[in-house]
Amino acid sequence: MSTIVVKFGGSSLANATQILKSIAIIKADKHRRYVVVSAPGKAHAEDTKVTDLLYRCYNRAVQGGEVESVLSVIEKRFAEIISGLNIDLDLSEDFKILRDHLASDPSEDFVASRGEYLNAKVLSACLGCPMLDAADYICFDENGKYDQEATEKKLIPAIKSNKNGVFPGFYGATPDGKVHTFSRGGSDITGAIVAKAAGAYVYENWTDVSGMLVADPRIVENPKPIENITYRELRELSYMGAAVLHEDAVFPVRQAGIPINIRNTNAPDDDGTMILHHLPDGYKPKSITGIAGNHQFSVVRIEKAMMNNEIGFGAKVLQIFSDFNLSFEHMPSGIDTLSVVVATDKLTPVKTALMERLQKETMPDVIYAEDDMAIIAVVGHGMVSTKGTAARVLSAIAKADINIRMIDQGSGELNIIVGVHEKDYTKAIVSLYKEFEKDL
Ligand code: ASP
């Protein structure tokens, strides 16, 4: 049977109005059989996420402060949701357990997980289908690492024996039965895990935006949405800071070949973004898929005549970086030059010692480090089949009167990366977007 697993984020479940929209979406397609929920988040900018309130309760409890004023806000929030939905649900016993827990020797993860737990109860009451507590199915090992094998052993039979179900996101349990959470935003991961276990044909991730955008809307006015993006392109863009999903959410579904569809609960008719292994048959990729960037990089440039003949030169340079525990982000090279791009905050504390060692052991003709570099990646499979993309990238930046400090093209022809001075970052992205806008 074709199954869809749907995950609703905090803004889609922030209050009764939002929950009703989510319910309507679930009911609109009978294949939407398993629902993964976040805790109530923000419907409006001034709202506070329930998870943040729960962390506040925990922090107060361990510092010996009073928790009641915060706990009562959470309780009121759920009471409003329940009355707005007109359902018959009494959470007083759950709040009593939480109060007692906070008064004993509280566990941070248990407290933080209650937003999802209670919201799953709410959704289960609305939909009239069972709530399947993630603590019984999502397994972590004793070190808190997600245990896929143990999870699937429990989760797959549970899915087989329940035609429908609501799972709280964000948490599971360690072998001793203690609640353990993923990192913040982790309900995305639960959704992906459930989608894989259910053999879903799509994992719908409902949020408050109609998918991913070609560029950051804080920089570019009204950027176009991305219709289709491959997992590899997504990885490139997320690495550069364009995040819509928790990064770890991609792996379970990618492994299983399940596409992710990012959708907007407030605009359910929008198609959103499809994240896939391969672009659909017959789909002609746009000349670029997305533009993203990141700040605060430094570049160490090394020049040495006949570098290309010196076997092991690159290895020696990288060994020195590794000895200083520095991971490099990019390494564009020329015949006699090598540049190593690293995060400035990692480089700064060891810069003098690193430069001294590089000088001593590689005996370069010239070596220097420059800070204040921003990196911009133009990403897309379409680059392989479209001539002149690199030229357009470079000319768009030149047109904006910006000096390019570094150029790197990934070997898979999936991206072109340029380094510019921090001060030129926004201008460069705007100019790049303008250049490619007509193709999107
Ligand atoms: N409620 C958790 C958080 O705020 C997890 C999630 O929403 O995905 O981080």
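In listed order, ligands and their atoms are each counted from 1.
- Remark: R114 is positioned above the aromatic ring of Y171, its terminal NZ or CZ atom under 6.0 angstrom from the ring centre and at most 45 degrees off the axis.
- At under 3.5 Å, a nitrogen or oxygen of G185, whether backbone or side chain, sits near a nitrogen or oxygen of ligand 1.
- Counting all heavy atoms, side chain and backbone alike, L91 lies closest to I82 at CD1-CD1, 3.7 Å.
- The shortest heavy-atom distance from G186 to ligand 1 is under 4.0 Å.
- When each atom of ligand 1 is checked for a heavy atom of S187 under 4.0 Å away, the hits are 5 (C), 6 (C), 7 (O), 8 (O).
- Panel note: side chain D141, backbone D147; no donor-acceptor pair is recorded below 3.5 Å.
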For this session: For L234 and V250, run side chain to side chain contact (heavy atoms under 4.5 Å, CB included): C-alpha distance rounded to whole Å, both residues' side-chain angles, the deciding distance at 0.1 Å, then the answer.
Result: CA-CA 9 Å; L234 177 73; V250 169; 3.6 Å; yes

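- Between H246 and ligand 1 there is no heavy-atom distance shorter than 4.0 Å.
- If you number the atoms of ligand 1 from 1 as listed, the ones under 4.0 Å from a heavy atom of S38 come out as 6 (C), 7 (O), 8 (O).
- In summary, the atoms of ligand 1 found under 4.0 Å from a heavy atom of K49, numbered by their order in the structure, are 4 (O).
- Closest approach of Q255 to Q148, counting heavy atoms only: OE1-NE2, 3.5 Å.
- Listed by atom number, the atoms of ligand 1 under 4.0 Å from R184 heavy atoms are 3 (C), 4 (O), 9 (O).
- Of the polar atoms of T51, at least one N or O is found under 3.5 Å from an N or O of ligand 1, judged by distance alone.
- Of all non-hydrogen atoms in R405 and R301, the two that sit nearest each other are O-NH2, 2.7 Å.
- In this structure, S22 and T265 approach most closely via the heavy-atom pair OG-CG2, 3.7 Å.
- Residue contact check for ligand 1: G115 places no non-hydrogen atom closer than 4.0 Å to it.
- Considering backbone and side-chain atoms alike, K7 places every N or O at 3.5 Å or more from each N or O of ligand 1.
- Per-residue contacts place E116 under 4.0 angstrom from the following atoms of ligand 1 (heavy atoms of the residue considered): 1 (N), 2 (C), 5 (C), 6 (C), 7 (O).
- Across every non-hydrogen atom of P130 and N162, the tightest pair is CG-OD1, 3.5 Å.
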